[in-house]
There are 2 protein chains.
Amino acid sequence: MSEIKETSTNFANKIALADECPEAYASNIIGGQWTLVICSWLLSGKMRFGELRKKLPNITERMLTLQLRKLEEHKIISRTIYAEVPPRVEYELTPIGYALKPVIKALESWGEEHRELVKNQR
Amino acid sequence: MSEIKETSTNFANKIALADECPEAYASNIIGGQWTLVICSWLLSGKMRFGELRKKLPNITERMLTLQLRKLEEHKIISRTIYAEVPPRVEYELTPIGYALKPVIKALESWGEEHRELVKNQR
DNA sequence: CTCATTACTTACATTTTATATAGTACCTAA
DNA sequence: TTAGGTACTATATAAAATGTAAGTAATGAG
C-alpha cells in the first residue's frame, strides 16, 4: 500500500501481465491481505467502519482505511458519509463488487477442498 | 517469497485469517504475482521449465523457480525430472491444481468485466 | 580441452506491503 | 471542562516479495 514506484521492473511486469491476462489483472486488484475478507463480509450487506473493524479483529485502523480506499478507488465499494456526530460512514458493494461473489465462492470451495486434501496427507 | 518470519504479526494474521476464511486461505496460496498465470498455462498441459520461461517473457529464472517450488509445496503442480543431459524437467498440474480451473475462469471473467467498466468510465 | 545447453542456486539489492504508535476534528453528554 | 466515541491521518519501522547478477553441475559435441 501507500506508494508504488512507476519506474520499477516490478511495476512494469504487473502492468504487462495485467494487460494480457485478466486473471492477473483481477488478482492484482483483489489480492491484498484483507481485501477478499472485507468483500466477503460486505456481500451480506452494508457495514460501518467500526463494524468491519470488529469483524476483522487483528486489523489496524490504518490498514482498514487503506484497504477500503483501494477498494473504493477500484469501484468495488461505495462510501457514504452521514454528517452526524459521532460520524457514521457506511460501506457497500457496488454492482461490480457484488459481481465478485462467484469468484469468492469459487475460491472458498477450492480453499476448503485444498485444506482437506493437505490435512489428509499428514 | 524466500523467508517468512514466524513471529511476525503479519504471519499471525495470515494464519488467523486463513483459519476461518477459506477464501483468504486460497488467496494466500495462489496470490503470488505469477502463480495464476503459471497455472493458467499449465491448464493446457504439462510444460518444461524453459517453455514456461518463454511464455512469461519478463520473469526471471529465480522467480520462476521460486513460484514453481511454492506451487509444488502446495501440491498444485508435480515435478518430473528426466535424467538426461541437458536436463529436462516437466511440470504438470495435480488434480487439486486442475481444480483451480473454475477459480481462474471466474477471475478471468470478472477481470474482463471490471476492465470494461473502468475503461468506459473515463 | 573447451564450449554449449538446461535447469537451477546463491548472494545481495530494491520495491512493495503490513504493522505500530500516536495523534486529529467533531460534537455531545456529564 | 472534561471525557468519550467515530473515523480517520501522519510518521516510522518491520517484513515480505520481487529483481539483478553471477555462479553451478552434468555431459556430449567439436
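What's counted below: heavy atoms across the whole structure, side chains too, no hydrogens, waters or symmetry copies. Proteins come first, then strands; the chains are lettered A, B, ... in the order of their sequence lines, and each starts at number 1.
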Note to self: Show me the dot-bracket string of DNA chain C, counting Watson-Crick or G-U pairs under 3.5 Å, with | for pairs to another strand and [ ] for crossing ones.
What the structure shows: ||||||||||||||||||||||||||||||
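Taking the charged nitrogens against the carboxylate oxygens, B/Lys105 and B/Glu108 do have a contact shorter than 4.0 Å, which makes a salt bridge.
Checked against salt bridge (charged side-chain N to carboxylate O under 4.0 Å, His left out), A/Glu112 has no partners two or more places apart in sequence or in another chain. Applying the side-chain hydrogen bond (donor to acceptor under 3.5 Å, both in side chains) test to A/Thr65 and every residue at least two apart in sequence or in another chain returns nothing. Checked against salt bridge (charged side-chain N to carboxylate O under 4.0 Å, His left out), A/Lys119 has the following partners two or more places apart in sequence or in another chain: A/Glu116. Annotation: salt bridge (charged side-chain N to carboxylate O under 4.0 Å, His left out) contacts of A/Lys101 (sequence neighbours excluded): none. A search for salt bridge (charged side-chain N to carboxylate O under 4.0 Å, His left out) contacts involving A/Arg53 returns A/Glu61, not counting sequence neighbours.
Within the structure, side-chain hydrogen bond (donor to acceptor under 3.5 Å, both in side chains) pairs that include any residue of residues 74-84 of chain B comprise B/Arg79-B/Tyr91, B/Tyr82-B/Glu90, B/Glu84-B/Arg88 (at least two apart or interchain). Evaluation of the ring-ring contact (aromatic ring centres under 6.0 Å, His included) test over residues 15-58 of chain A, restricted to residues two or more places apart or in two chains, returns A/Tyr25-B/His114.
To the nearest angstrom, C1' of D/dG19 lies 15 Å from CG of B/Leu56. Separating the CG atom of A/Leu52 from the C1' atom of D/dA7 is a distance of 12 Å, rounded to the nearest angstrom. A straight line from CD of A/Glu6 to C1' of D/dT18 spans 18 Å, rounded to a whole angstrom. One interatomic measurement links the two molecules: CD1 of B/Ile29 to P of D/dA16, which rounds to 17 Å at whole-angstrom precision. Atoms CG (A/Asn28) and P (C/dT16) sit 12 Å apart, rounded to a whole Å. Taking atom CE of residue B/Met63 and atom P of nucleotide C/dT9, one finds them 14 Å apart after rounding to whole Å. Taking atom CG of residue B/Leu66 and atom P of nucleotide D/dT18, one finds them 9 Å apart after rounding to whole Å. Straight-line distance from the CZ atom of B/Arg53 to the P atom of C/dT9: 14 Å, rounded to whole Å.
Put simply, the side chain of A/Glu51 gets close to the backbone of A/Arg48: a donor and an acceptor are under 3.5 Å apart. The backbone N or O of B/Ala18 sits less than 3.5 Å from a side-chain atom of A/Arg115, completing a donor-acceptor pair.
Using a 4.5 Å heavy-atom cutoff, the side chains of A/Phe11 and A/Ile15 are in contact. Contact annotation: the side chain of A/Ile38 approaches that of A/Leu64 to within less than 4.5 Å [non-hydrogen atoms, C-beta and beyond]. At a threshold of 4.5 Å between non-hydrogen side-chain atoms, the residues A/Leu42 and A/Tyr98 do not count as touching.
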For nucleotides 9-14 of chain D, which of its nitrogen or oxygen atoms have a protein nitrogen or oxygen under 3.5 Å away, and what is each distance?
| from | atom 1 | to | atom 2 | distance (Å) |
| --- | --- | --- | --- | --- |
| D/dT9 | OP1 | A/Arg69 | NH1 | 3.4 |
| D/dT9 | OP2 | A/Arg69 | NH1 | 3.3 |

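Taking every heavy atom of residues 79-87 of chain A and every atom of DNA chain D, pairs under 4.0 Å involve A/Arg79, A/Pro86, A/Pro87, by number. Contacts between residues 30-51 of chain B and DNA chain C, counted as heavy-atom distances below 4.0 Å, involve B/Arg48, B/Phe49, B/Gly50. Contacts of residues 9-26 of chain B with DNA chain C (heavy atom under 4.0 Å): B/Thr9, B/Asn10, B/Asn13.
When each of A/Leu71, A/Ile29, A/Ile76 is paired with A/Thr35, the side-chain contact (heavy atoms from CB on, under 4.5 Å) condition holds for A/Leu71 and for no other.
The CD1 atom of B/Ile30 sits 12.0 Å away from the CD atom of B/Gln67 when rounded to the nearest 0.5 Å.
In plain terms, the two heavy atoms of B/Thr94 and B/Ile77 that are nearest each other are CG2-C, 3.7 Å.
Taking 4.0 angstrom as the limit, A/Gln67 places a side-chain polar atom (N or O) nearer than this to OP1 or OP2 of C/dA18.
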